[in-house]
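All chains are named by letter (A, B, ...) in the order of the sequence lines, taking the proteins before the strands, and each is independently numbered beginning at 1.
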2 protein chains.
Amino acid sequence: MDRVFRALANPTRRRLLDSLRTRNGETLGGLCADLDMTRQAVTQHLRSLEDANLVSTIRSGREKLHYLNPVPLQEIYDRWIHKYELNQLQFLTDLKKIAGGD
Amino acid sequence: MDRVFRALANPTRRRLLDSLRTRNGETLGGLCADLDMTRQAVTQHLRSLEDANLVSTIRSGREKLHYLNPVPLQEIYDRWIHKYELNQLQFLTDLKKIAGGD
DNA sequence: TTGACATGCAAGTAAATTATTGCATATATT
DNA sequence: AATATATGCAATAATTTACTTGCATGTCAA
């Protein structure tokens with residue numbers, strides 16, 4: 001889970017995920033075209049996303065195709081963010097009790 | 001939004017949020033007691049959480065009280081993770097078409 | 001097979017992050 | 001007033017991150 005949070009911490013990597021959302025299966029070259037940095041830099045960002053299991057790749061001839069895997073994002077939500085939802089927070093229900101609300 | 005993602009990228013900061021979830025309003029000293037690092041390091045983590053608007057503080061006498069603000073987490077979900085939910089992804093419906101499923 | 005294209009690999013640099021130490025300030029307690 | 005407690009501020013060191021340059025390898029197409 002730590003790898004996922006760390007992968008999401010970078011705007012270039014979030015942008016890569018957004019690209020794959022609309023152009024799933026995109027090649028490395030295609031993803032590079034969007035970004036103003038070297039191909040090697042993009043490769044390293046993609047590796048970080050692969051390590052977090054947010055992207056998987058397959059080789060097709062001389063091209064590398066990138067596929068989005070949304071499952072870790074679901075897990076971030078289900079196992080983490082969910083607990084922080086307003087109506088899940090105990091202190092708020094405590095506040096309601098104190099305030100006498102119903 | 002970038003500040004929120006960056007704040008969440010560190011396990012100590014996620015742990016601080018978890019502490020505040022159960023002990024909202026905790027003092028700096030109280031939060032330090034959980035962690036095996038200097039008070040100054042914890043202060044810097046809390047500043048990062050404040051910059052992301054995930055924590056707000058008020059001074060009470062010689063103590064500083066920390067309160068959790070879950071709203072930025074809601075926004076992360078609503079404006080970002082939500083778009084990646086499995087049934088939101090066009091490529092999956094495309095896959096279904098190709099596979100001929102209904 | 002030769003040349004162009006797509007990607008892989010590795011070392012190096014600059015900047016950001018994480019954590020430290022040392023000292024200052026403000027509040028509470030006796 | 002004197003002491004202990006809680007926090008603030010600043011400089012520094014170690015590590016990680018983000019990105020670069022240079023060269024190697026593998027694949028397609030004429």
Next on the checklist: In whole Å, I'd like the distance from the CD atom of Gln40(A) to the C1' atom of dT17(D).
Outcome noted: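 After rounding, the gap between these two atoms is 17 Å.
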* Could you tell me the separation between the CD atom of Glu63(A) and the P atom of dC28(D), rounded to a whole number of Å? =>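 Atom CD in Glu63(A) sits about 9 Å away from atom P in dC28(D).
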(message) It should be established whether Thr38(A) places a side-chain nitrogen or oxygen under 4.0 Å from OP1 or OP2 of nucleotide dC19(D).
(response)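 False: Thr38(A) side-chain N/O out of range (4.0 Å or more) of dC19(D) OP1/OP2.
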Exercise for review: Would you please confirm or rule out a distance under 4.0 Å between OP1 or OP2 of dC19(D) and any side-chain N or O of His45(A)?
Suggested key: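 Affirmative; the distance criterion is met.
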Notebook entry, point to check: If you take all heavy atoms of Pro72(B) and Ala52(B), which pair is closest and at what distance?
Noted result: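 Looking at all heavy atoms of both residues, the closest pair is CG-O, 3.8 Å.
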- Pick one: which of Val71(B), Leu73(B), Ile76(B) meets side chain to side chain contact (heavy atoms under 4.5 Å, CB included) with Tyr84(A)?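 For Tyr84(A), the side chain to side chain contact (heavy atoms under 4.5 Å, CB included) test succeeds with only one of Val71(B), Leu73(B), Ile76(B), which is Leu73(B).
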Query raised in the report: Any donor-acceptor pair under 3.5 Å joining the side chain of Gln44(B) to the base of dG8(D)?
Result: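 A donor-acceptor contact between them is absent.
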Exercise for review: Record whether the side chain of Arg59(B) comes under 3.5 Å of the base of dT7(D) through a donor-acceptor pair of N or O atoms.
Suggested key: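 For Arg59(B), whose side chain was compared with the base of dT7(D), there is no donor-acceptor pair (under 3.5 Å).
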Task: Near-strand residues of residues 3-28 of chain B, defined as heavy-atom separation under 4.0 angstrom from DNA chain C - done: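 Heavy-atom contacts with DNA chain C come from Arg6(B), Asn10(B), Arg13(B).
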Quiz item: chain B on DNA chain C: first and last contacting nucleotide, 5' to 3', under 4.0 Å to a heavy atom?
Solution: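 Under 4.0 Å from chain B, the extent on DNA chain C is dT17(C) to dA28(C).
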Indicate yes or no: does Asp18(A) engage Arg15(A) in a salt bridge with an N to O separation below 4.0 Å.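 No, Asp18(A) and Arg15(A) are not salt-bridged.
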Problem set entry | Estimated bend of the helix from dT1(C)-dA30(D) to dT30(C)-dA1(D) (axis per five terminal pairs, rounded to 10 degrees) |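 Helix axis angle between the two ends: 30°.
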Out of dG8(D), dT27(D), dT20(D), whichever nucleotide has its closest atom nearest the side chain of Arg39(B):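 Selected nucleotide: dG8(D).
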